[in-house]
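Below is one structure, written out as structure tokens, with a few remarks after it.
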Amino acid sequence: MKSLTLRKLCERIAELKDPIVVMHARPDGDTVGSAVAIVRLLSMLGKKASAVAPDPIPKRLAFLTEGIDLSPSCLDRLGADVLTLDVASRGQLGNLLERLVGSLSPSLMIDHHERGEAYADGYIRPDAAAVGEIIFDLAKEMHALGMIGSLPLELLTPIYAAISSDTGCFRYSNVTPHTHEVAAELISLGVNAAEINRLLFDVKSEEQLRAEGYVQSHLCLHPSRRIASIAISSECRGELGLLDEHFETAIDVVRSLEGVEVAVTVRETPDGRFKASLRSSGADVAAIAASLGGGGHVRAAGCSLDAESAEAARLAVVQRVWEAIKSPEST
Ligand SMILES: [Mn+2]
């Protein structure tokens, strides 16, 4: 698998035939915004591109995907080239894993995860706060090379959303001077940052608020008070009349408790497995997630695991976190 330069990436994108842009499982603002931006770039190059995600795109991100072909039927096209965005390992292809083999194996990957698997020729920049930050550099390079004539708002808006989403509105430690420079340039090119951030962070559905209320009143605090966690089973969701996507912002509630270094949410998935999300204010949760077969960033990572119940999965993850952070030299 080759590691590409930005210039080479431009050339490879220009060569894509009938491209299919693939997002990661449980799509977030970065994978969705980046996918929409790449589809628009590809159409500016005269290509008809589609985008697919292994799971439904959360309603709160629907404002990004207007006019984008998201039909999974694109996977029936023979000879299409597949490009993945923000997908660190094949495991993150979720339900699409079995479809994306043989002639549909990804030929290109653009990513920013530190730990991952090189399953295609790639452009991977762990210093980028979001894949969106890379897509902006890519769009500018294509513009400089004369491959595209302009940088329209319909391209820039999803890029800004991708970056803002993966940085928690520019609050996380992954933000660099370059992240702010890109954001500044996007705003000077006309992006409506206030409106995008309002839609991403301030607007919540009634269901989301109810989910956050449930998490607030059912938080489990480790005796050390350094780990906070919550387990959400399918049964519990059913009783509350809520869907998994309503719990997406629940991790922010868990991590907001004073003194907590690592926040853990465990959600039961439809296949009866459990998906853990870990957020940290210092400890390397990517290493902890990796020890459980997952991956991610130092301060934001996740994994899937099998357990008897959501509660058992929560206890197993908390135990692993505690083992990792209890001795000071490991943090
Ligand atoms: Mn990302």
Side-chain angles (χ1 to χ4, degrees), residues 24-31 55 86-89 91-92 94 111-117 126 129-130 165-168 171-175 211-212 214-216 218-233 244-269 273-307 309-331:
H24 62 68
R26 294 161 174 264
D28 61 12
D30 187 26
T31 200
D55 299 304
D86 206 25
V87 180
S89 64
Q92 289 185 295
D111 189 34
H112 68 129
H113 291 84
E114 261 158 85
R115 291 183 180 80
E117 165 203 354
S165 174
D166 248 20
T167 57
R171 289 179 304 127
Y172 300 158
S173 62
N174 57 353
V175 172
E212 289 186 6
Y214 175 84
V215 172
Q216 274 172 10
H218 292 80
L219 259 191
C220 302
L221 194 54
H222 187 265
S224 67
R225 304 186 70 85
R226 293 166 63 193
I227 308 166
S229 58
I230 184 93
I232 297 136
S233 64
D244 184 52
E245 73 168 82
H246 301 134
F247 285 88
E248 234 139 61
T249 50
I251 189 91
D252 295 323
V253 173
V254 183
R255 67 202 287 273
S256 66
L257 184 64
E258 188 178 28
V260 166
E261 294 165 36
V262 178
V264 177
T265 61
V266 170
R267 287 140 68 183
E268 187 170 354
T269 49
R273 299 191 79 208
F274 300 92
K275 154 104 185 163
S277 298
L278 294 91
R279 296 291 182 276
S280 129
S281 58
D284 182 358
V285 288
I288 299 170
S291 79
L292 291 163
H297 307 285
V298 172
R299 293 182 183 209
C303 60
S304 288
L305 61 164
D306 294 304
S309 63
E311 184 55 17
R314 182 189 70 79
L315 286 170
V317 176
V318 167
Q319 180 59 29
R320 195 63 71 94
V321 171
W322 177 236
E323 279 161 17
I325 70 168
K326 66 181 172 190
S327 49
E329 65 274 7
S330 63
T331 58

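Expressed to the nearest 0.5 Å, how far CG of Asp111 lies from OG of Ser89 amounts to 9.0 Å. Distance CZ/Arg314 to CD/Glu311: 4.0 Å, rounded to 0.5 Å. To the nearest 0.5 Å, the span separating CD on Glu261 from CD1 on Ile227 amounts to 8.0 Å. Taking CD1 from Ile230 and CG from Leu219, the interatomic distance works out to 5.5 Å, rounded to the nearest 0.5 Å. The structure places CD1 of Ile288 at 10.0 Å from CD of Glu323, a figure rounded to the nearest 0.5 Å.
In this structure a side-chain-to-backbone donor-acceptor pair under 3.5 Å is missing from Arg299 to Ser173. Arg226 places a side-chain N or O within 3.5 Å of a backbone atom of Ile325 that can act as its donor or acceptor partner. A donor-acceptor distance shorter than 3.5 angstrom exists from the side chain of Thr31 to the backbone of His24, with no hydrogens or angles considered.
Across every non-hydrogen atom of Gly29 and Ser165, the tightest pair is CA-OG, 3.2 Å. Here the shortest heavy-atom pairing between Leu292 and Cys303 reads CB-SG, 3.8 Å. Minimum heavy-atom separation, Ile251 to Ser277: CD1-O, 3.6 Å. Listed here is the closest heavy atom pair of Ala289 and Gly295: CB-N, 3.8 Å. Nearest heavy atoms, Ser229 versus Val254: N-CG1, 4.0 Å. Nearest heavy-atom pair, Val266 versus Ala276, reported as atom, atom and distance to 0.1 Å: CG2-CB, 4.1 Å.
Residues meeting the side chain to side chain contact (heavy atoms under 4.5 Å, CB included) test with Arg273, sequence neighbours left out: Thr269, Asp271, Ser304, Asp306. The side chain to side chain contact (heavy atoms under 4.5 Å, CB included) check on Asn174 picks up Ala129, Thr167, Tyr172, with sequence neighbours excluded.
Using a 3.5 Å distance cut-off with no hydrogens or angles, the side chains of Glu212 and Gln216 do not pair a donor with an acceptor.
Using a cut-off of 4.0 Å between Lys/Arg side-chain N and Asp/Glu carboxylate O, Lys275 and Asp244 are scored as not salt-bridged. Contact check on Arg267 versus Glu245 returns no salt bridge, with no Lys/Arg side-chain nitrogen under 4.0 Å from an Asp/Glu carboxylate oxygen.
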Item to complete: Just do the side chain to side chain contact (heavy atoms under 4.5 Å, CB included) check on Val285 and Val321 with the steps written out, would you?
Response: CA-CA 8 Å; Val285 288; Val321 171; 5.7 Å; no
Discussion item. Run Asp252 and Arg255 through side chain to side chain contact (heavy atoms under 4.5 Å, CB included) and show every step you take.
Written reply: CA-CA 5 Å; Asp252 295 323; Arg255 67 202 287 273; 3.7 Å; yes
Fill in: Residue pair Val262, His222: steps toward the side chain to side chain contact (heavy atoms under 4.5 Å, CB included) verdict
CA-CA 10 Å; Val262 178; His222 187 265; over 6 Å; no
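At a threshold of 4.5 Å between non-hydrogen side-chain atoms, the residues Thr265 and Val215 do not count as touching.
Between His297 and His113, the angle of the ring planes stays under 30°, which puts this pair in the parallel group of the 30/60° scheme.
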